[in-house]
Amino acid sequence: MKEEVVRCARALLALGRAGEALAVTASCAAKRDAPAAVLSTHAAALKALGDREKALRFYKRAALAAPDSGVAQHNVAALLGDLHRFKQAREVAEQALAMGLRAPETLLVHGRALLGLGALDEAEMSFRKALERRFDYPDAHRDLAQLI
């Protein structure tokens, strides 16, 4: 049942129908024992609707529900960065990296947090690592070029 909720909500998000995705996940996400996938999909719908603070709360709940998930940590770090909470974003991105997550997206989030903190050499290194993982990653190329 919960897998169907997640699949349906993700399909709605892909179609740009975030409000409907939010409605689909709302009752499951409201439960105390909601699975991480439901919580993160609900958070993604909130983020798409522009409610980033509430989305952050659900991403944090998802990270608590899946404490070994680097992806859940990445989602928290990315949104913290979007909210210009760079110190927290750096810490959480580093937790995701310490868990073994080496996705270029996580390295980009890490680099952006470092940039926001003024750690320019470290930010450059993180952007370059993202490009080592995926050379054709336009966001990493743009951020590195702007930093240089």
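Along the sequence shown, residues carry numbers from 1.
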**Study point:** salt bridge (Lys or Arg N to Asp or Glu O under 4.0 Å) evaluation trace for E3 with R7
**Key:** CA-CA 6 Å; E3 294 84 16; R7 264 195 311 273; over 6 Å; no
Identify the two heavy atoms, one from [X] and one from [Y], that lie closest to each other, and give their separation to 0.1 Å.
| X | Y | result |
| --- | --- | --- |
| S40 | A62 | N-CB, 3.9 Å |
| A89 | A113 | CB-CB, 3.9 Å |
| A44 | L13 | CB-CD1, 3.9 Å |
| G111 | A123 | O-CB, 3.4 Å |
| G70 | A96 | O-CB, 3.5 Å |
| A72 | A63 | CB-CA, 3.7 Å |

Review point. Mind checking whether E105 and R134 have side chains closer than 4.5 Å, heavy atoms only?
Key: yes
Measure the spacing between [atom1] of [X] and [atom2] of [Y] and express it to the nearest 0.5 Å.
| X | Y | atom1 | atom2 | value |
| --- | --- | --- | --- | --- |
| L107 | L97 | CG | CG | 5.5 Å |
| M99 | S69 | CE | OG | 7.0 Å |
| L22 | T41 | CG | OG1 | 11.5 Å |
| E94 | Q73 | CD | CD | 12.0 Å |

Point to revise | Qualifying salt bridge (Lys or Arg N to Asp or Glu O under 4.0 Å) pairs, either residue in residues 43-61, two or more places apart | key: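 Sorted result for residues 43-61: K47-D82, E53-R85.
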Practice item. For residues 15-56, pull every pair meeting ring pair (Phe, Tyr, Trp, His ring centres under 6.0 Å), keeping only residues two or more places apart or in separate chains. Key: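 Matches after skipping sequence neighbours: H42-F58.
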Exercise for review: Please collect all ring pair (Phe, Tyr, Trp, His ring centres under 6.0 Å) contacts where either partner lies in residues 102-126, sequence neighbours excluded, each pair once.
Suggested key: none
Give the other cluster members for [X], using side-chain heavy-atom distances under 4.5 Å between Ile, Leu, Val, Met, Phe, Trp and Tyr residues; answer none if it is isolated.
| X | result |
| --- | --- |
| F127 | L108, L115, L120, L131, Y137, L144, L147, I148 |
| L117 | F86 |
| V71 | L101 |

Review point. Ignoring hydrogens and geometry, is there a side-chain-to-backbone donor-acceptor pair from S126 to E122 under 3.5 Å?
Key: no
Point to revise | side chain to side chain contact (heavy atoms under 4.5 Å, CB included) partner of P35, chosen from L39, V38, D33 | key: V38
Practice item. Quickly, which of L79, V109, V92 forms a side chain to side chain contact (heavy atoms under 4.5 Å, CB included) with H74? Name it, please. Key: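 Running side chain to side chain contact (heavy atoms under 4.5 Å, CB included) over L79, V109, V92 with H74 returns exactly one hit, V109.
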**Study point:** Ionic contact status for R128 with E124, cut-off 4.0 Å
**Key:** yes
